[in-house]
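Okay, structure first, notes after.
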Amino acid sequence: MSAPYNHKAIEQKWRSNWAKNPVNVNDGKKPKYYCLDMFPYPSGNGLHVGHWRGYVISDVWSRYKMLKGHYVIHPMGWDAFGLPAENYAIKMGTHPAKSTAENVEKFKEQLSDIAAIYDWDMEVNTTDPAFYKWTQWIFVKMFKEGLAYEKEFPINWCPSCKTGLANEEVVNGCCERCGAEVTKKNLRQWMLKITKYAERLLNDLDKLDWPEKVKKMQTDWIGKSYGAEVDFPVEGRDEKITVYTTRPDTLYGATFMVLAPEHPLAASLAVPETKEAVDKYIYDASMKSNVDRLQDKEKTGVFTGSYAINPLNQAKTPIWLSDYVLADYGTGAIMCVPAHDDRDFAFAKKFDIPIIQVIAKDGKEIENMTEAYTEASGIMIHSGEWDGMESAVLKKEAPHMIEKRGLGKATVNYKLRDWVFSRQRYWGEPIPIIHCPKCGNVPVPEEELPLMLPDVTSYEPTGTGESPLAAIEEWVNCRCPVCGADAKRETNTMPQWAGSSWYFLRYVDNHNDKELVSKEKADQYLPVDMYIGGVEHAVLHLLYSRFYTKFLYDIGAVDFDEPFHKLFNQGMITGKNGIKMSKSKGNVVSPDDLVRDYGCDSLRMYELFVGPPELDAEWDDRGIDGVSRFLKRFWKLALDSREADVKATTEMVKLRHRLIYDITQRLESFSLNTVISGFMEYNNKLMEIAKKAGGIDAETIETFLILMAPFAPHMAEELWEIYGHNTSVFENRWPEADESAMKDDEIEVPVQINGKTRAVIRIPADAGKEEALAAGKEAVADKLDGSIVKEIYVPKKIINIVQKPGK
RNA sequence: GCAGGAGUGGCGGAAUUGGCAGACGCGCAGGCUUCAGGUGCCUGUGGUCGCAAGAUCGUGUGGGUUCAAGUCCCAUCUCCUGCACCA
């Protein structure tokens, strides 16, 4: 009788063995592989089974790479600054520094249950002054390069979080964090000129082995478009209005013009008769929240009373104001071609503005137009000298023609906006800038960094647009590092993204107080080969990190310009009916009980077995029994086989190599759920053989152990030891399948008649067509009627005999 | 509205990319072990007809290509995700 599998004792034993003798060591000869997890914000709620999934995937991948002969960099750290940490501290009535430290401890404890090969010597914490020194250093560098600048303008403001937000943090007009409706607030802000990198951020996506979905999201977010800026002189005035259009080919069809209510000329275009209505419209628009503005699909607008002159045909074009034109995109003014744009069409219909078709659809002019014809395909009509041209061609050429004639210029536009970088909150990196009345904005000298976040007792947000730091006079008042005059510190802090935009660079050199990361370490270990995490950061963290890396590349701090070579997004683990796990829903499943009852190895495997790693999966506790049973059966098979000590049969050897082949293939294609089912399948087959043979040969069992080691490391180590080895199972190399050993002499081939399987025959694997068909026909002889039309043999796959139907 | 993804047993899911649909697991049913519960082991498990052998239908829906379609093509419905007045 073999000893039952005692997960508790075995897992404890190996946990302490690994602590003494780590399995992932850098001997300086092995090639590196950097496998990174998105580091967590250490929340007070602890880990749930959803967190586990990503960490298990990355650990399995890391251990696999280890067995493939790599030194694996697999670090972990804490994204501990930011709103959630601060809000949590406020709720608990404690200081965020204290609650964060406690939460980190709690998280680390729970994380240890996963038994990942994290190298804790590399640990980083964004709130550690030795870390944020470099977060601030990057900001100073950006300031010196002119990429960080101050600006006052109406920004997105979350009234609940009491802070300004970046565009990326506003989702459907609501705060990404708390869901509150975002309003506008006029505030002095620090901005990062991410738009300067728009083109590179867009182009370099091609270099990345990332999910298409994420690339697409970033492409859309950057939102590049080609078009022209065209100048429309205002009638009777010495001013002109510049519009941006992607369809300069339709210029002859412009029957009106619309300005955003926030356009600088908007109010001044009113004439005495329209002044009241125009002012009211501008005022009303300024009062509308983002959400209202988004939801009101019904067009509103007001005629200013002024006209602009179409520079091409000198047509008098009425100027309107409407909030469907956005002030901060393009020039904040558009020419309107109702015949060829849906929105302009709706507006023209509502306000009874003429519609002029300038592109013939299917060679014809449309009578009684009911919707805009928006495709750039067809011959130009009513377009003066452009008549007869192909619209698609003209669309490309028109910007240059307009530029040549001095009527405007060809331009490129992006949806991407500069990054609103300051937050009016306490728990973040202080922005290292000093406001000097004489010298203006002066960065804190690099040798004085880090600029410490002052320790205070009261840090709650003021809600006024001022940071809580503004109230700390002894901190705010300082001297200008340039001229020595009395000066004041910047009191805003950085957003949570500041630290997470570069943390992955710091792991490999986390104690360096001279550089962000040394050249040697960077060359040796960076960049990241595989990055694993949820898809929710597609246009936030992942875009910001790329921007930061490119900047650091430009100033020579690193010599690569993309941080993450390969990206994998794991799906979310949800509760029943796909509902997101959350404390308030009460559907959070903690891994703690499962680890206690089933063991770490079982839970690791079940996390993968729940479904394809890239898809969301509903958690069902009961499923873990299947994995647990499998592990117990394998355990028993291994122990019984050890005792029986049987010689390998060709059948066992064949299965051994097929196992290697199948598992490796599935692993390489990241089909981790089928890797687990593969283990189960082969275990079932081996048990069947062992029933007859008394056991399985040692080499096959040991091969199984090595393959399973990344998934169930504790059991693999224990059995490896039981099999008489005094080294770790991870000192092995990943086995390779010998395809010649996998082959069958005889194969099973289904025989179909008219596509329906009527028999299955066994034939020699190397049987020729004649031989196979003869055997096939013999097997279904009683069902053949002599009217054979066609005979098909796909080698090793199938036989299909086609006969006339009806008999 | 636009873009992307997905629809397969009671459930999670598999299918070497055009070649026996439902691997693997959960659940369920019957049996063995047990004083009993649990565990463990064995058998069965898409629908319909049949004691059975077997037949027949079957991958959201409708059509098509093919000797052969979950897989390819056309149309259509539903769900999820992202973007959304970006001129």
Side-chain angles (χ1 to χ4, degrees), chain A residues 4 171-172 211-217 219-221 223-225 227 243-248 250 254 257-258 260 293-299 322-326 328-337 340-344 346-347 374 413-417 535-536 538-539 571-572 578 606 609-612 614-627 629-630 632-633 636 661-662 665-666 669 671 673-684 748-760 789-803:
Chain A
V171 178
N172 290 329
E212 284 309 314
K213 180 184 170 169
V214 176
K215 290 196 193 182
K216 182 85 173 48
M217 281 170 76
T219 303
D220 288 350
W221 190 258
K224 182 178 184 176
S225 66
V243 302
Y244 172 69
T245 178
T246 56
R247 294 296 302 279
T250 62
M257 177 184 268
V258 174
R293 213 164 146 160
L294 282 171
Q295 274 166 358
D296 281 351
K297 294 281 177 183
E298 180 73 12
K299 300 271 177 292
S322 175
D323 65 4
Y324 83 89
V325 173
L326 307 174
D328 59 353
Y329 180 78
T331 60
I334 60 169
M335 65 171 206
C336 298
V337 186
H340 303 287
D341 181 279
D342 291 327
R343 296 148 301 178
D344 299 348
F347 195 89
T374 56
N413 242 290
Y414 300 92
K415 287 192 211 172
L416 186 69
R417 298 295 128 82
V535 75
E536 65 272 18
V539 288
M572 201 175 31
Y606 184 54
F609 191 56
V610 286
E614 69 279 7
L615 300 183
D616 291 352
E618 276 179 33
W619 188 262
D620 181 358
D621 266 351
R622 284 180 302 189
I624 196 173
D625 283 317
V627 173
R629 281 173 201 147
F630 152 71
K632 284 183 201 158
R633 286 181 198 136
K636 187 171 180 311
Y661 183 85
D662 279 349
Q665 260 213 341
R666 294 174 188 190
S669 59
S671 178
N673 52 326
T674 62
V675 170
I676 307 300
S677 66
F679 283 135
M680 292 172 171
E681 205 178 327
Y682 278 92
N683 185 49
N684 290 346
E748 283 192 349
V749 175
V751 182
Q752 299 184 331
I753 296 175
N754 293 351
K756 290 204 167 95
T757 305
R758 295 292 135 151
V760 178
V789 182
K790 202 170 179 182
E791 296 171 1
I792 292 151
Y793 174 55
V794 181
K796 297 180 192 183
K797 290 267 160 88
I798 208 157
I799 292 169
N800 193 6
I801 294 161
V802 186
Q803 58 183 8

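Here is the naming used below: chain letters follow the sequence lines, and residue numbers restart at 1 for every chain. If you're wondering where the values come from, they're calculated on a predicted model, not measured in any experiment.
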**Message:** Rounded to whole Å, please give me the gap between CD1 in A:Ile753 and P in B:A68.
**Reply:** 15 Å
**Prompt:** For atom P, what is the distance between B:C67 and B:G12, given to the nearest Å?
**Reply:** 37 Å
**Prompt:** Taking A:Asp616 for the side chain and A:Gly571 for the main chain, is one N or O donor matched with an acceptor at less than 3.5 Å?
**Reply:** no
**Item:** Interatomic distance where CD belongs to A:Gln752 and P belongs to B:U66 [whole Å]
**Value:** 17 Å
**Item:** Under the side chain to side chain donor-acceptor pair (under 3.5 Å) test, residues paired with A:Asn800 that sit two or more places apart
**Value:** none
**Asked** When you measure from the side chain of A:Ser225, which nucleotide among B:C20, B:A87, B:C26 comes out closest?
**Response** B:A87
**Prompt:** Counting side-chain heavy atoms from CB outward, which of B:C67, B:A23, B:A87 is closest to A:Ser677?
**Reply:** B:A23
**Request:** Please determine, for B:G54, whether a Watson-Crick or G-U wobble partner exists with both distances under 3.5 Å, and give it or none.
**Result:** B:C49
**Prompt:** To the nearest 0.5 Å, what is the distance between OG1 (A:Thr674) and CD (A:Glu681)?
**Reply:** 10.0 Å
**Message:** Without decimals, in angstroms, what is the distance between A:Lys797 NZ and B:U71 C1'?
**Reply:** 14 Å
**Request:** Select one nucleotide: of B:A84, B:A68, B:C20, the one nearest the side-chain heavy atoms of A:Trp221.
**Result:** B:A84
**Request:** For nucleotides B:U16 and B:C80, find the distance between their C1' atoms and express it as a whole number of Å.
**Result:** 29 Å
**Asked** Under 3.5 Å, is there an N or O donor on one side and an acceptor on the other linking the side chain of A:Lys216 and the base of B:C83?
**Response** no
**Message:** Judged by each residue's nearest nucleotide on RNA chain B, which is more toward the 5′ side, A:Met335 or A:Gly611?
**Reply:** A:Gly611
**Asked** If you draw the axis of the six-membered ring of A:Tyr324, does the NZ or CZ of A:Lys299 fall within 45° of it and under 6.0 Å from the ring centre?
**Response** yes
**Message:** So A:Asn684, base contact, sugar-phosphate only, or nothing? Heavy-atom distance under 4.0 Å.
**Reply:** sugar-phosphate
**Distance, P atom - from B:C42 to B:U8, rounded to whole angstrom** = 31 Å
**Request:** Please determine if A:Arg247 and A:Asp341 form a salt bridge, counting it only when a charged side-chain N lies under 4.0 Å from a carboxylate O.
**Result:** no
**Message:** Would you say A:Arg629 places a side-chain N or O within less than 4.0 Å of OP1 or OP2 belonging to B:C41?
**Reply:** no
**Asked** What does A:Asn673 touch in the nucleic acid at a heavy-atom separation under 4.0 angstrom: a base, only the sugar-phosphate, or nothing?
**Response** sugar-phosphate
**Rounded distance in Å between the P positions of B:C20 and B:A53** = 23 Å
**Item:** Euclidean distance, A:Tyr329 OH relative to A:Ile334 CD1, rounded to 0.5 Å
**Value:** 11.5 Å
**Prompt:** Looking only at atom C1', what distance separates B:G70 and B:A15, rounded to whole Å?
**Reply:** 9 Å
**Fill in**
Ranking B:C67, B:G25, B:G13 by distance to the side chain of A:Pro612, first place goes to B:G13
**Request:** Select base, sugar-phosphate, or nothing to describe what A:Glu748 touches, counting heavy atoms under 4.0 Å on all strands.
**Result:** base
**Message:** Between B:C35 and B:G46, how far apart are the two C1' atoms, rounded to whole Å?
**Reply:** 40 Å
**Prompt:** A:Asp220 near the nucleic acid: base, sugar-phosphate alone, or nothing, with a heavy-atom cut-off under 4.0 Å?
**Reply:** nothing
**Request:** With a 3.5 angstrom cut-off on both distances, give the Watson-Crick or G-U wobble partner of B:G22, or none if there isn't one.
**Result:** none
**Asked** Closest to the A:Phe609 side chain: B:G25, B:A87, B:C26?
**Response** B:G25
**Asked** More 5' along RNA chain B: A:Lys632 or A:Thr331, using each one's nearest nucleotide?
**Response** A:Lys632
**Atom C1', compared across B:U34 and B:C26: separation rounded to whole Å** = 25 Å
**Anti versus syn assignment for B:G30, with syn defined as within 90° of 0** = anti
**Request:** Can you figure out which of B:A87, B:C67, B:A23 approaches the side chain of A:Lys790 most closely?
**Result:** B:C67
**Asked** With a non-hydrogen cut-off below 4.0 angstrom, is A:Val794 in contact with a base, only sugar-phosphate, or nothing?
**Response** base
**Asked** Do you know which two heavy atoms are closest between A:Val337 and A:Asp344, and how far apart they sit?
**Response** N-OD2, 3.0 Å
**Request:** For B:U81, give its Watson-Crick or G-U wobble partner with both distances under 3.5 Å, or none.
**Result:** B:A3
**Complete:** Here the distance between atom P of B:A14 and atom CZ of A:Phe679, to the nearest Å, is 17 Å
**Item:** Nucleotide opposite B:G44 in a Watson-Crick or G-U pair, distances under 3.5 Å
**Value:** B:C28
**Fill in**
A:Lys215 atom NZ is separated from B:G4 atom P, nearest whole Å, by 16 Å
**Message:** Is B:U17 syn or anti, taking syn as a glycosidic angle within 90° of 0?
**Reply:** syn
**Asked** Out of B:C85, B:G13, B:C20, which has the shortest distance to the side chain of A:Tyr324?
**Response** B:C85
**Request:** Supply the atom-to-atom distance A:Met257 CE to A:Ser322 OG, rounded to the nearest 0.5 angstrom.
**Result:** 14.0 Å
**Asked** The side chain of A:Met680 lies closest to which of these nucleotides: B:A14, B:C20, B:G25?
**Response** B:G25
**Item:** Expected output: side-chain A:Asn754 to main-chain A:Gln803 donor-acceptor under 3.5 Å
**Value:** yes
**Request:** Mind calculating the distance between CG (A:Leu615) and C1' (B:G5) to the nearest angstrom?
**Result:** 9 Å
**Asked** Given that both distances must come in under 3.5 Å, which nucleotide forms a Watson-Crick or G-U wobble pair with B:C35?
**Response** none
**Asked** What nucleotide among B:G19, B:G40, B:A87 has an atom nearest to a side-chain atom of A:Ile792?
**Response** B:G19
**Fill in**
From CG of A:Leu326 across to P of B:A84 the rounded distance in Å is 11 Å
**Request:** Could you tell me the separation between the CG atom of A:Asn413 and the P atom of B:C85, rounded to a whole number of Å?
**Result:** 16 Å
Sub-3.5 Å pairs of nitrogen or oxygen atoms, protein against nucleotides 55-58 of chain B:
| unit_1 | atom_1 | unit_2 | atom_2 | d |
| --- | --- | --- | --- | --- |
| B:A55 | OP1 | A:Arg758 | NH1 | 3.3 |
| B:U56 | OP2 | A:Arg758 | NH2 | 3.4 |

**Request:** Go through the structure and list residues passing salt bridge (charged side-chain N to carboxylate O under 4.0 Å, His left out) with A:Asp342, not counting sequence neighbours.
**Result:** none
**Prompt:** If every non-hydrogen atom of A:Trp221 is compared with every non-hydrogen atom of A:Lys415, which pair is closest and at what distance?
**Reply:** O-CB, 3.7 Å
**Message:** Partner lookup for B:C72, please. Criteria are Watson-Crick or G-U wobble with both distances under 3.5 angstrom; report none if nothing qualifies.
**Reply:** B:G64
**Message:** Distance check, C1' atoms only: B:C72 and B:G19, in whole angstrom units.
**Reply:** 14 Å
